[in-house]
Amino acid sequence: MTSTLAAAATATSTGEAVQFWILGTVAVIGALATVLMKKAVHSALSLAGTMIVLAVFYLANGAYFLGIVQVVVYTGAIMMLFLFVVMLVGVTAADSLKETLSGQRWLAAACGLGFGILLIAGIGQASLKTFNGLGTANARHGGNVEGLANLIFTKYVFAFEITGALLITATVGAMLLTHRERTERARTQRELSRERVRSGHVPPLPAPGVYARHNAVDIAGLLPDGTPSELTVMQTLRQRGQIRDVSGTSLAGLRALEQRSEERLGRAGEPARAGEPARDHAEEEEEVAK
Amino acid sequence: MNPVNYLYLAALLFTIGASGVLIRRNAIVVFMCIELMLNACNLALVAFSRIHGNLDGQIIAFFTMVVAAAEVVIGLAIIVSLFRSRHSASVDDASLMKL
Amino acid sequence: MENLIALLVAAPLLGAAVLLCGGRRLDRAGHWIGTVLAAASFVIGVVLFTGMLGKGAEDRALHQHLFSWIPVEGFQADVAFQLDQLSMTFVLLITGVGTLIHIYSIGYMEHDERRRRFFGYLNLFLAAMLVLVIADNYLLLYVGWEGVGLASYLLIGFWQHKPSAATAAKKAFLVNRVGDMGLSIAIMLMFTTFGTFAFGPVLGATGDTSEGKLTAIGLMLLLAACGKSAQVPLQSWLGDAMEGPTPVSALIHAATMVTAGVYLIVRSGAIFDAAPDAQLAVVIVGAVTLLFGAVVGCAKDDIKKALAGSTMSQIGYMILAAGLGPVGYVFAIMHLVTHGFFKAGLFLGAGSVMHGMNDEVDMRKYGGLRKYMPVTFVTFGLGYLAIIGFPGLSGFFSKDMIIEAAFAKGGTQGWILGCVTLLGAGITAFYMTRVMLLTFFGEKRWQPDAEGHEPHPHESPKSMTVPMIVLAFGSVFAGGFFSIGDRFMHWLEPVTGHDHGHAPVSAATVTAATMVVLVIGAAIAWAMYGRRPVPAVAPRGSLLTRAARRDLLQDDFNHVVLVRGGEHLTRSLVYVDHTLVDGVVNGTAATMGGLSGRLRKLQNGYARSYAVSMFGGAAVLIAATLLMRAV
């Protein structure tokens, strides 16, 4: 893909050009998606896509080590870290598209446009007609990795040491920041079970979606009278108020079924009798019989 | 085609990332846009290393990645702990420092 | 012998310090301390005088250098004293008359509870006036000059509870201030011209200096003299200064302080001799004031104000004589000394009359007092005869010589000045006779005072009459004593110089003319006040009389010209200050406030807005960098 001549070249191979234009478009689309998607998860995934494209570009430019590291560290570790935090913070939390600060969108667009134009103008002014390529540099110490290693441990050893210290500091810092001190003593298993028995509710709570038509985690199970029971949904979702209630649709569906069955069975026109549950029971039997 | 094109691409990605920082309200998405900016810088560095023909650009890009990783760790830890106390990840919530 | 000079000043200065700082426990002995120290100063002066007499005319001057006051490179100011014949004359006059008035005040101020302070202020005055006359440089003279101004203010306003006294003191101080400005400017000019303040170098170098500079210095000195000696245009304070107790009027506003201006001009004679224009100004001022004071004195019913007008007029004589140049310096000083005697005597006599008449000052309420206050009548009468120039008494010798010197100036000037002085002598005779007739002769026109007490005129106690008698002696004999063998002229000549001038008329003619004028003036006064009964309320009088009663409209003139103009200036300056200066300042503040209020909105607390600013700033930076590289 790259020129292997030691002399300065002026153009890359066509293969690389094609690769650049196609993948470059993908990268830009990925970047725009990162910025413009409503849900955070979608943003994260588009960013991961862009990063993979960039890894390909690194490989194309002769930075073999960096390309692999980009995939492994950046996309593999850092983007996954992002996704973990998105999960913790709230997958369903969506940004409203309404902008609260007046004029912010216009200013951002103007600044971005101006900045971009200036950068591109600056780059355009630079005379970069010829390039040297990494052939000699990579071959000097017998490979890209060896060359990088040579530089790290001789010319940039000080920066290397300091970044090492930085990583340790970052780790410790992350632990400190997210640590939650227990303010009370954790209850032992003995105490927990004692509490449970005393409350009178020994068996486990019903699973969500039981007696309903869905088995998703956030859909409340229905009680015998058709109303949803909050106990069936896990506590976190309960606190967040993210329980989906489909009892209304179920009940409406049951009523429609009852209507149709009555029409079919020629019992239309009979006044509605009191005691829905009895009717439900009858309809369910019918349903089961079907 | 000239490796200079990679520089143009890097500039474009950088601009998109910067605009994203200004536009989005979700703290995590803002962070992701910052990562996008860093990646654009890395791409520019690698392109320069190819243009100049030495590995210094790649070394700097490498260190940038290390530092970006450390930064992500701390930044996300901060967002998580902020979310624990405020139950909101909006960047606009921290607006008490106004005159 | 030289060391005694400082003691002259030290004694009354010590007295002032002790009396003013000592507190109430000194109230019983205060007046004795003050008088004794004043007398001590007089004794030292006599000792120095006898020592001086023993020497030849050329080396009579004594010098004493006390300490170096401002020893700065290029600006040497010392506290040093110089006692020559001119200073010695003044020293004797000041301490002698001063001691007599101290004794007089013991009785006059007996019932005043602030008497101790009064004596303290009197001593302070003595010390300052002595510094003034024995200083050997103009800067130290200025110190004394200001000191007597201060003492005058304190003493005029001594009865602080009277608003009129406080106002009069303030007026005196302010008008004097104008004169003081003249003296300080003159001193500054002297420094820039001569580089020094000492009398010797300054007066000796007048031959080498340009006439323009000397004229400027002379005019400024004249302004100073006008202020201190109550000459036109700075004369408005003297009449009001009569608000102070009578001893004050006698000492300060008759004998000593008001003569400081004459001293200044005579001492600076060399400057005036080299600047004829300044000298002409001096003469004009003297002539105008001479007539001004005389006219005012004619119309006043207040005995002290009448005498004040007389003082103004007599000092006009002295200033005129001093302005005549070497022809008149000696006579100016001689008249100054004799005037010191008889004017002080007249004032003390007036005080004695007031003391006996429940402090009544209106002469229309006097009358026929000669039987009740014989000693006062005699001493006052002798002073009266002296001032009108009755042959044989002191005023005859001194005033006559001035009139002769005026004629001896020569040319048109000589004729004009001579006639003016003659006319002044006539008017003097008129108003002084009027005072005598209204006070001591005629029927009793006594009225009960504001509280209903009938006046019981009686002779004053010995402490008051003895000084009056001593001064009467001086009024009678001093002039003759000075003229025998021209001894006063020979005494002063080495200091002031003397020129005989060219008299167009003989001395005898002048004397005869003076006598004629004198008789005419006295006769008119007799006709108006001696023969007819005196109305209790002043009749309306002619336009001139009415104007003279209002001090020839001096206060109105000052008000219109100076006060109104000053008020307009102040108001416009205040306006400028408010609108322009304050406007600029407040406007700046308001602009900054408005600006900051607008800029404040930029800080809305949202990180994203700040990010926009950062981004925009980065774009600007890049643009600038590109521009720099392109350029």
Side-chain angles (χ1 to χ4, degrees), chain A residues 27-28 30-44 46-47 50 78 82 85-86 88-90 93-131 173-174 177-178, chain C residues 73 563-631:
Chain A
V28 171
L32 285 170
T34 311
V35 170
L36 296 173
M37 283 287 162
K38 256 173 60 167
K39 294 209 176 150
V41 178
H42 299 167
S43 293
S46 358
L47 185 60
T50 306
I78 292 178
F82 268 108
V85 174
V86 168
L88 277 176
V89 165
D95 275 351
S96 79
L97 281 180
K98 185 174 166 307
E99 174 63 69
T100 47
L101 300 178
S102 63
Q104 177 82 357
R105 290 238 167 106
W106 288 111
L107 272 173
C111 283
L113 205 64
F115 191 78
I117 289 174
L118 282 169
L119 271 184
I120 288 170
I123 297 172
Q125 274 188 358
S127 59
L128 295 165
K129 293 286 181 284
T130 62
F131 63 95
L177 279 169
T178 50
Chain C
E73 181 70 38
V563 173
R564 285 248 186 87
E567 274 178 10
H568 278 305
L569 183 66
T570 326
R571 247 178 275 145
S572 55
L573 284 178
V574 166
Y575 174 75
V576 164
D577 184 45
H578 272 153
T579 43
L580 274 185
V581 176
D582 283 354
V584 165
V585 170
N586 290 343
T588 316
T591 316
M592 294 313 289
L595 217 75
S596 74
R598 302 260 161 73
L599 285 176
R600 186 165 70 98
K601 301 262 169 44
L602 280 179
Q603 296 257 9
N604 56 7
Y606 292 114
R608 294 195 288 141
S609 302
Y610 303 158
V612 166
S613 321
M614 280 164 56
F615 198 30
V620 168
L621 273 176
I622 293 181
T625 317
L626 286 178
L627 269 175
M628 286 300 114
R629 301 214 41 224
V631 167

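Please read all numbers here as calculations on a predicted model, not as lab measurements. Residue numbering restarts at 1 for every chain, and letters A, B, ... go by the order of the sequence lines. Note that these values count all heavy atoms, side chains included, but never hydrogens, waters or copies made by symmetry.
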Measuring from atom CG of Leu627(C) to atom CG of Leu118(A), what distance do you get when rounded to the nearest 0.5 angstrom? 9.0 Å

Does any backbone or side-chain atom of Ala611(C) lie under 4.5 Å from a heavy atom of chain A? Answer side chain, backbone, both or neither. neither

Between chain A and chain C: donor-acceptor pairs at under 3.5 Å:
residue   : atom : partner   : partner atom : Å
Glu99(A)  : OE1  : Arg608(C) : NH1          : 3.4
Glu99(A)  : OE2  : Arg608(C) : NH1          : 3.4
Glu99(A)  : OE2  : Arg608(C) : NH2          : 2.9
Gln104(A) : NE2  : Arg608(C) : O            : 3.2

Minimum heavy-atom separation for Ala618(C) to Phe115(A), with atom names? CB-CE1, 3.9 Å

Heavy-atom closest pair, residues Cys111(A) and Gly616(C): SG-CA, 3.8 Å

